[in-house]
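See structure below.
By convention here, the first residue in the shown sequence is residue 1. Note: hydrogens, waters and symmetry copies are ignored here, and every other heavy atom, side chains too, is used.
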Amino acid sequence: LGESGTDVDFLGVMDVPGSETDLNWTRLLDEEEHEVLAQLLRQIELFHGRPLDISAEELRILTADERIDLIVRRMKQRLLLPSNARAAEVSGLLNVYKANMRAIAAFQPRPCRADIHVFATRALAQAHPSDHLLGWGTLTQGRVHVVQAPGDHMSLLGVDHAPAMAALILQGCVGGSAAPSSLAKA
């Protein structure tokens, strides 16, 4: 937007570093389909806190249809899908998620003029102890506001933390900067 001359009033980033590429994501650009699917299943497990117990090796020996059938069956067993969920629906959702994962892996942020509000969990800040701006300082001519986000990466937008996150985002939108951070010095 900034390149097109549009002013950006609020740019918020949820719990990701700015200039460092996450190797777990970038490797997905070259991975086999069964490995990408296994990574996706790990994300689902982390988010829901329920193991699916499906390995990349187990997926490798199955056909595409057999993979989806196994995933749907296991997700129903773990109560992650309703009993009437169909394989075609789940396959479509998995394809969208895989496309999103690949887009994230391929994305290379470019510098902008806007202030950036980074909503960072404690784990992200601890993973970057030598850069209190978490890699975003080189990507803006504006200021970087690092705001401590509740929970962890998989839970910060979940039901337990959504109200607090909404308040932090609103504060950033209205006031130009969100709550002071205990993670980093601005």
Which residues share a side-chain contact (heavy atoms from CB on, under 4.5 Å) with [X], sequence neighbours left out:
X	value
Q141	R113
R86	E89
S83	none
L157	M14, M165

- Task: Please say which of R78, R74, R42 ends up in a salt bridge (charged side-chain N to carboxylate O under 4.0 Å, His left out) with D53.
- Result: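 Single salt bridge (charged side-chain N to carboxylate O under 4.0 Å, His left out) partner of D53 among R78, R74, R42: R78.
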First locate atom [atom1] of [X], then atom [atom2] of [Y], and finally report the distance between them rounded to the nearest 0.5 Å.
X	Y	atom1	atom2	value
E57	E35	CD	CD	9.0 Å
H153	L46	NE2	CG	9.5 Å
I68	L62	CD1	CG	10.5 Å
R60	E33	CZ	CD	14.5 Å
H34	I54	NE2	CD1	13.5 Å
H117	I169	NE2	CD1	11.0 Å

- Take the angle between the ring planes of F10 and F119 and call it parallel below 30°, perpendicular above 60°, tilted in between.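 Rings of F10 and F119: tilted, as their planes differ by 30° to 60°.
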- Got a sec, which residues hit side chain to side chain donor-acceptor pair (under 3.5 Å) with S155, two or more places apart in sequence or on another chain? D152
- Message: Quick one, M75 with I44, criterion side-chain contact (heavy atoms from CB on, under 4.5 Å). Give me CA distance, side-chain angles, the key distance, then yes/no.
- Response: CA-CA 10 Å; M75 290 181 77; I44 292 170; 4.2 Å; yes
- Using the test salt bridge (charged side-chain N to carboxylate O under 4.0 Å, His left out), find all partners of R73 that sit at least two apart in sequence or belong to another chain.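 Not a single residue meets the salt bridge (charged side-chain N to carboxylate O under 4.0 Å, His left out) criterion with R73.
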- May I have the step-by-step check of side-chain contact (heavy atoms from CB on, under 4.5 Å) for L37 and I71, ending in yes or no? CA-CA 10 Å; L37 194 51; I71 292 166; 3.5 Å; yes
- Query: Where do R50 and L79 land on the side-chain contact (heavy atoms from CB on, under 4.5 Å) test, with the steps shown first?
  - Reply: CA-CA 9 Å; R50 296 183 187 168; L79 303 177; 3.6 Å; yes
- Query: So with a 6.0 Å cut-off around CG of D65, is the heavy-atom count from everything else above 12?
  - Reply: no
- Message: Can you confirm whether D160 sits close enough to P150 that some side-chain heavy atom of one is under 4.5 Å from a side-chain heavy atom of the other?
- Response: no
- Task: Grab the two heavy atoms, one from V72 and one from A87, that are nearest each other, plus how far apart they are.
- Result: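 Closest approach of V72 to A87, heavy atoms only: CG2-CA, 4.0 Å.
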- Nearest atoms (heavy-atom pairs only) where L70 meets E58: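 L70 and E58 have their closest heavy atoms at CD2-OE2, 3.8 Å.
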Checking the side chain of [X] only, and the main-chain atoms of [Y] only, is there a donor and an acceptor separated by less than 3.5 Å?
X	Y	result
W136	H145	no
D115	G142	no
T121	A149	no

- Worked check of side-chain contact (heavy atoms from CB on, under 4.5 Å) between C112 and L11: CA-CA 10 Å; C112 67; L11 176 55; 3.9 Å; yes
- Task: Using the rule that two of Ile, Leu, Val, Met, Phe, Trp, Tyr join whenever any of their side-chain heavy atoms come within less than 4.5 Å, decide whether V8 and V144 are in one cluster.
- Result: yes
